[in-house]
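Please read the structure below before turning to the comments.
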Amino acid sequence: MFTRRMSRPLRLALATAAAVSLTGGGLLSLSGTAVAAPAKYADDFNGDGYRDYAQASLGGSFTVTYGTATGPGTVTKTFTQNSSGVPGTAGDAGGFADAFGEDLAAADLDRDGYADLAVTDFTEKVSGKVGAGAVTIMWGAKSGLGTKATRLPVGAVRQRGFGKAVETGDFNGDGKADLAVVDGLDTAYVFRGGFSKAGTTGKVTKHRLPASSSDILEPAGLVAGKVTKDKATDLYVLGQGYRNGKMTLDAWFLRGGTTVKPAAKVTPINSTGPDYSPTGVVADFDKNGYGDLAVGDTRYGNGAGSVVVVRGGTSGPTTKYRLSQSTSGVATAATKNDGFGGTLSAGDTNRDGYPDLAVGSEEEKVGSAASAGGVHILRGGTKGLTGAGSQWFTRATAGVPGDPTAYERFGLNIRLRDTDRDGDADLVIGDNDYEQTSLLLPGGPSGITTTAVTSLGVWPTFPQ
């Protein structure tokens, strides 16, 4: 039995798993006229002070659920390219499945006090070219998303699979939100703010591995976060390489700053095979001031899986270490095709100041139920992530509703987010029913608990 795994959005996670926010007080123009401050939260699309939930999906759509003081509310809206004002044609992918909405990134791109949403479609037919790809900005407003949409200009882009992945961040440290996009060839683009509804952006730069490098990289995903100690957001490009006659999974570092500085070489993650839908997150797991990259390596150990952590340093990536179900303290044994590391999310679940890591193991056998799936929580601490004090949740865990079911793939998508704003990250778990529902397991002083598990009407594919 085969189920297509969701093309997992790769989202920014800082030490507390807070949203990216470029905040400030009320601003004045030179003429003295008041102008709006940037949105407090990068995903508050209607400016009401609550984080919203833009859920990436398959099949050419995405859904927004608006947040409340206690988490996701009941107001939702689904968008396709048939929605009013959205450019492009739904399903017009030249024989490919429509990828509109498979990756999303949020930020207040025009600094009007409302968060905006960048929506990718790497299959889009543009100017008669099949699979050229496009990125659409859905602009926020008091009524939420949907009042206006603008396609990202592509004058500087060699269009083939443009929009394979997208990320937001302040990559040059000027206080404005920028956009990073990769194509299906070999290039990462950084579009600097500000952005306008008319379709203008700041400077666009293109980044490829230098011609002198022996490495090859085909981009498949992006991860943004503060890796060094400066004020600019940094960027990792995850993708497929080729080394010693084998396909590989690699991470390429681009250091943010006035000039984005790409590393001359890639950081190897897996030397035995690629991951065409890689997942990663940046968080300072040891609180030393440098952000660490955690990447899922699901091919490790005959598919048992693992997580590779690349430590951050003064100028970027330094040493790395690996965690798996064979790591001391981690529940369950590592067995073939468990898929440990298939999904990742970071956040402080127990208020100790260290971010923890949620790790999906979607193909894990639970009892006699094949591929029933589950989620591990690995603790951050002075030594980084370890197996000490880790937690393990499945449908068989006391307090979790339902029973383990074969091929449910519980943990197919996960998110850690403080949904109720009480100071600790809660765990949202989805499976493969694609019904855009999930379970919420609340966080607390001892970590994730099952004392008050609730069902949510969202699927955990929203930006981190």
Side-chain angles (χ1 to χ4, degrees), residues 7-10 56 88 92-105 118-137 151-169 171 178-192 201 203-224 234-243 245-256 260-270 273-280 295:
S7 179
R8 295 179 296 271
L10 300 163
D92 184 14
F96 299 98
D98 191 343
F100 180 78
E102 282 198 16
D103 199 12
L104 309 171
V119 184
T120 68
D121 182 357
F122 68 89
T123 65
E124 182 74 359
K125 184 178 180 180
V126 179
S127 300
K129 186 176 180 180
V130 174
V135 176
T136 298
I137 298 176
R151 184 166 282 180
L152 199 65
V154 293
V157 174
R158 292 183 304 154
Q159 278 197 273
R160 179 179 169 187
F162 179 70
K164 185 69 176 177
V166 64
E167 263 291 8
T168 57
F171 300 113
D178 309 314
L179 273 177
V181 186
V182 293
D183 62 20
L185 295 167
D186 58 3
T187 305
Y189 302 84
V190 176
F191 291 76
R192 289 175 175 80
T201 76
K203 182 180 178 182
V204 182
T205 55
K206 297 182 285 186
H207 305 279
R208 304 186 190 97
L209 280 166
S212 59
S213 175
S214 60
D215 293 327
I216 298 171
L217 190 74
E218 178 185 340
L222 287 170
V223 190
D234 304 305
L235 192 68
Y236 277 102
V237 181
L238 305 182
Q240 288 76 55
Y242 189 79
R243 193 177 301 108
K246 294 181 178 179
M247 295 289 288
T248 60
L249 172 62
D250 299 316
W252 180 37
F253 180 70
L254 288 77
R255 182 175 180 178
V260 174
K261 298 178 180 179
K265 296 184 68 64
V266 302
T267 299
I269 302 298
N270 184 322
D275 185 340
Y276 297 106
S277 185
T279 185
V295 184

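A quick note: this is a predicted structure, and the numbers were derived from the prediction, not measured.
Between Val260 and the choices Asp178, Leu235, Asp234, Leu254, the side-chain contact (heavy atoms from CB on, under 4.5 Å) rule is met once, by Leu254. Exactly one of Arg243, Glu218, Gln240 qualifies for a side-chain contact (heavy atoms from CB on, under 4.5 Å) with Asp250. That residue is Arg243.
Remark: Lys265 engages Asp215 in a salt bridge, criterion side-chain N to carboxylate O under 4.0 Å. Ion pairing between Arg151 and Glu124 holds under the 4.0 Å rule for side-chain N and carboxylate O.
Applying the salt bridge (charged side-chain N to carboxylate O under 4.0 Å, His left out) criterion to Lys261, with sequence neighbours excluded, gives no partner residue. Applying the side chain to side chain donor-acceptor pair (under 3.5 Å) test to Thr205 and every residue at least two apart in sequence or in another chain returns Arg192, His207.
The shortest non-hydrogen separation linking Gly133 to Val126 is O-CG2, 3.6 Å. The two residues Leu238 and Ala251 have their closest heavy-atom pair at CD2-CB, 3.7 Å. When all heavy atoms are compared, the tightest approach of Leu222 to Ala180 is CD1-O, 3.4 Å. Closest approach of Val135 and Ala118 over heavy atoms only: CG1-CB, 4.1 Å. In terms of heavy atoms, Ala165 sits closest to Gly221 at CB-CA, 3.8 Å. For the residue pair Ala220 and Pro278, the shortest heavy atom distance occurs at CB-CD, 3.7 Å.
Distance check, rounded to the nearest 0.5 Å: CG of Asn270 to NZ of Lys246 gives 9.5 Å. Residue Glu102 holds its CD atom at 8.5 Å from OG of Ser277, rounded to the nearest 0.5 Å. Here the straight-line distance linking atom NZ of Lys125 with atom CG of Asp98 works out to 13.0 Å at 0.5 Å rounding. For the atom pair CG (Leu217) and CH2 (Trp252), the distance works out to 7.0 Å, reported to the nearest 0.5 Å.
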### Task
Using the side-chain contact (heavy atoms from CB on, under 4.5 Å) rule, take Val181 and Phe162 through it: C-alpha gap first, then chi angles, then the decisive distance, then the call.
CA-CA 7 Å; Val181 186; Phe162 179 70; 3.5 Å; yes

#### Entry: Stepwise side-chain contact (heavy atoms from CB on, under 4.5 Å) test for Arg208 and Asp186
CA-CA 6 Å; Arg208 304 186 190 97; Asp186 58 3; 3.6 Å; yes

#### Entry: Derivation of the side-chain contact (heavy atoms from CB on, under 4.5 Å) call for Val237 and Val182
CA-CA 8 Å; Val237 181; Val182 293; 4.2 Å; yes

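At least one donor-acceptor pair under 3.5 Å links the side chain of Thr120 to the backbone N or O of Asp103.
Relative ring orientation between Phe253 and Tyr236 is described as tilted, the plane-to-plane angle lying within the 30° to 60° band.
Here the side chains of Val190 and Leu179 are not in contact, with every heavy-atom distance at 4.5 Å or above. Side-chain contact between Tyr242 and Thr248 is absent, with no heavy-atom pair separated by less than 4.5 Å. Residues Leu152 and Thr136 are not in side-chain contact: their nearest non-hydrogen atoms beyond the backbone lie 4.5 Å or more apart.
Cation-pi contact between Lys164 and Phe122: present, with separation from the ring centre below 6.0 Å and deviation from the ring axis of at most 45°.
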